Amino acid sequence: MSQTLKAVRGTRDLLPPETALWNRIEAIARDVFARYNFGEIRTPVFEDTALFARSVGEDTDIVSKEMYTWEDRARAQSEKTQSLTLRPENTAGVVRAYIEHGLGESGQLQKLYYIGPQFRRERPQKGRYRQFAQIGAEVIGPPSTGSESPLRDAEILEMLATLLDELGITGWTLELNSVGSAADRARYNDALRAALVAVVGQMCADCQRRAVTNPLRVLDCKVPADQPIIATLPVIADSLDEASQAHFAAVTAALDAAGVPYTLNHRLVRGLDYYTRTTFEFTHGGLGAQNALLGGGRYDGLSEAMGGPKAPGIGFAMGEDRLVLTLQALETAQPQTVADAFVAPLGESLNPAALALARELRHAGLRVELGEGSFRLKRSFEAADKIARRIVILGEDELQSGILTVKTFSTGIQTKVPRAELAAFLAGPAKG
RNA sequence: GCGGCUAUAGUUCAGCGGCAGAACGCCUGACUGUGGCUCAGGAUGUCGUGGGUUCGAUCCCCACUAGCCGCCCCA
């Protein structure tokens with residue numbers, strides 16, 4: 001086994017019929033995005049390493065230890081090597097493209113969605129892969145386009161509720177929080193650090209480490225003994241300035257008006273540095289430890305941090321692999337695609353005529369499988385019964401008379417059908 | 001990166017220090033132009049890889065690799 005090549009760790013092949021589910025998910029997503037007037041953007045799968053370091057944050061796990069990074073070698077004396085990285089997420093690339101193409105200059109709010117693979121070098125487990133697919137969208141533009149409006153936040157969340165519903169994902173939960181402006185967040189971080197000094201000694205080892213590296217993460221702690229202590233810590237809502245409070249109130253008011261259910265979770269802090277104000281997650285049980293179907297938030301300062309114009313924005317990324325897992329768990333049976341007809345030539349001499357017949361039927365929009373003339377008829381029947389609703393027998397008699405023999409498997413009824421009527425007959429319901 | 005469990009036929013899994021097993025699936029025939037149900041027969045394989053212990057290892061030990069689960073973190 002060690003001699004044969006295998007898909008590398010954390011990557012996998014998607015095969016039929018599972019790929020049908022992936023395609024269905026993507027088709028529904030594209031349809032919903034189109035109705036909300038989003039356009040598709042496709043950014044490169046790899047980018048300059050500095051892009052992710054600056055946007056996602058040097059100290060995040062993603063950048064500090066999970067990126068696939070390599071030194072692209074110089075091809076000429078005059079060329080420098082360049083550090084490149086497979087994208088670990090797509091928001092940075094979208095914002096880079098926004099800046100690079102001056103999309104803000106259009107004066108229009110940019111509403112962009114993407115579907116594609118992302119890469120993180122993590123330990124694989126259920127719902128977590130080293131190459132995984134995300135479906136995401138970003139709403140971004142200069143302030144004059146209304147990009148900063150809480151209505152945009154609410155609209156995105158309402159769209160996500162619609163998308164999950166249309167995908168058939170029942171039982172999702174929307175968790176919502178505000179981490180405030182960059183200034184609010186800095187102020188809260190200070191308050192948290194100060195409060196932790198007195199109590200951190202009584203907390204778990206992880207929290208003692210987090211208290212230094214990333215105090216916000218302490219709020220995520222799941223150790224039961226730590227919960228009473230966490231309850232005494234300052235809440236980020238108290239560190240929000242008036243504008244941030246008003247923004248968050250406007251988001252929830254719009255959600256209430258639209259009838260989108262949510263729960264406030266003032267402990268919801270997200271791992272990427274660029275988030276400001278609204279942050280959210282849609283979660284679902286049954287995904288094990290990876291219960292987040294999607295996550296996102298507002299990033300009002302990201303464009304400027306990357307050297308671009310002021311361009312507030314909000315976006316999300318949805319784990320397509322996790323959508324698939326959730327849907328597979330919800331669906332009792334995966335619908336098997338079945339061909340409309342199996343064309344069975346009787347004898348190799350009839351192969352050419354069989355191709356012509358299959359071509360005719362396929363042009364009529366039918367899903368057709370083509371057998372092989374060297375098969376014994378029994379073999380053709382066995383094969384056909386597994387993958388098609390009907391079998392069309394093409395022997396010398398049928399070819400000469402132009403009247404084909406058709407058998408429908410569900411009923412066992414066999415009839416003769418003139419070639420001119422064959423396509424219409426096969427398109428009909430599978431009765432006689 | 002850390003911890004637990006696992007690795008045997010195409011698949012799901014039994015198994016035992018001494019000839020490699022079941023179910024399903026697959027192939028052949030009963031039926032030379034008729035599937036499903038039935039019956040008869042057949043092939044399933046470097047027992048994850050490498051090393052060690054042993055007269056002998058699929059089994060015991062070690063390492064590696066991979067998968068699953070948890071931690072960390074995230075989608």
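Proteins get letters first, then strands, A, B, ... in listed order; numbering begins at 1 in each. The basis for the numbers below is simple: all heavy atoms, side chains too, and nothing from hydrogens, waters or symmetry mates. Please read these numbers as outputs of a predicted model, since none were measured by experiment.
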Watson-Crick or G-U counterpart of [N], or none if no pair lies under 3.5 Å:
N      : result
C60(B) : G52(B)
U46(B) : none
C24(B) : G10(B)
U34(B) : none
C5(B)  : G67(B)
A75(B) : none

Could you state the atom-to-atom distance from [atom1] of [X] to [atom2] of [N] in whole Å?
X         : N      : atom1 : atom2 : answer
Gln125(A) : G3(B)  : CD    : C1'   : 12 Å
Glu281(A) : C73(B) : CD    : C1'   : 11 Å
Lys6(A)   : A66(B) : NZ    : C1'   : 5 Å
Ile62(A)  : A75(B) : CD1   : C1'   : 9 Å
Gln134(A) : C74(B) : CD    : C1'   : 9 Å
Arg322(A) : C73(B) : CZ    : P     : 14 Å
Lys126(A) : C69(B) : NZ    : P     : 5 Å
Arg389(A) : G35(B) : CZ    : P     : 21 Å

With sugar-phosphate meaning primed atoms plus P, OP1 and OP2, does [X] contact a base, only sugar-phosphate, or nothing at under 4.0 Å between heavy atoms?
X         : answer
Ser380(A) : nothing
Tyr129(A) : base
Gln131(A) : nothing
Glu122(A) : base
Ala317(A) : sugar-phosphate
Leu346(A) : base
Ile393(A) : base
Asp321(A) : nothing
Arg121(A) : sugar-phosphate
Gly136(A) : nothing

Is there a side chain to side chain contact (heavy atoms under 4.5 Å, CB included) between Leu404(A) and Leu357(A)? Walk through the geometry before answering.
CA-CA 10 Å; Leu404(A) 293 133; Leu357(A) 178 61; 3.9 Å; yes

For the residue pair Asn177(A) and Arg267(A), establish whether any side-chain heavy-atom pair is separated by less than 4.5 Å.
no

Between the base of G35(B) and the side chain of Gln414(A), is there a donor-acceptor distance below 3.5 Å?
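Flag unset: no donor-acceptor pair detected.
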
Is it the case that the base of C74(B) and the side chain of Arg123(A) share a donor-acceptor contact (distance under 3.5 Å, atom types as modelled)?
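No.
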
Cut-off 3.5 Å, side chains only: do Ser181(A) and Asp300(A) have a donor facing an acceptor?
no

Do the ring centers of Tyr113(A) and Phe33(A) come within less than 6.0 Å of each other?
yes

Between Arg379(A) and G35(B), does any side-chain N or O lie under 4.0 Å from OP1 or OP2?
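No, Arg379(A) has no side-chain N/O under 4.0 Å of OP1/OP2 on G35(B).
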
Taking atom C1' in both U8(B) and G67(B), compute the distance separating them and give it to the nearest angstrom.
15 Å

C62(B) versus A7(B) - spacing of their P atoms, nearest Å
15 Å

Residue from Ile314(A), Leu255(A), Thr252(A), Leu176(A) passing side-chain contact (heavy atoms from CB on, under 4.5 Å) with Asp153(A):
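When Ile314(A), Leu255(A), Thr252(A), Leu176(A) are each tested with Asp153(A), the side-chain contact (heavy atoms from CB on, under 4.5 Å) holds only for Ile314(A).
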
Mapping Gly10(A) and Arg120(A) to their closest nucleotides on RNA chain B, which lands nearer the 5' end?
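So the residue in question is Gly10(A).
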
